[in-house]
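Index from 1, following the sequence.
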Amino acid sequence: MATFEVGINTLTDVTALSNIALDVRDMASNLKSGNLLVAQRIYTQGANSALYDVFGEETLDKLTLKSMGQAGSGQWMDDPSFTFQMLGLSSVQDSAAEAISKHS
């Protein structure tokens, strides 16, 4: 059982899954700085969340927002979950069209 500072107890260790929030943070920071390619790389390749094989061993790969958002192949720009992330990171004053034009 894992215990977190906020008082949430889980029966399994969810650290790797919770660390995906750090990828969202890093994407937001890079988008704010105009580093769209770095944000794309974090989205497609991951940065902070460990990925485990069927035996529970950590792999060299990372858990990614893309893998969590879609099963299958395709370009990031065709992935609706990436667009959803872009909209989520945009300014609340922006319309959807403005947010997409700024971040794509």
Gap separating the CG atom of Leu36 from the CE atom of Met27, nearest 0.5 angstrom: 9.0 Å
I need the full list of side chain to side chain donor-acceptor pair (under 3.5 Å) pairs touching residues 46-60, with sequence neighbours left out, sorted by first then second residue. Asp23-Asn48, Asp26-Asn48
Hey, is the main chain of Gln40 close enough, under 3.5 Å, to the side chain of Thr44 for a donor-acceptor pair? yes
Taking Ser29 for its side chain and Arg25 for its backbone only, find out whether a donor-acceptor pair lies under 3.5 Å. no
Are the side chains of Thr15 and Asn19 in touch, meaning some heavy atoms are under 4.5 Å apart? yes
Nearest heavy-atom pair of Lys62 and Gln45: which atoms, and what distance? CB-O, 3.5 Å
Would you say Leu65 ends up clustered with Leu51 if hydrophobic residues are merged whenever their side chains have heavy atoms under 4.5 Å apart, either directly or through other cluster members? yes
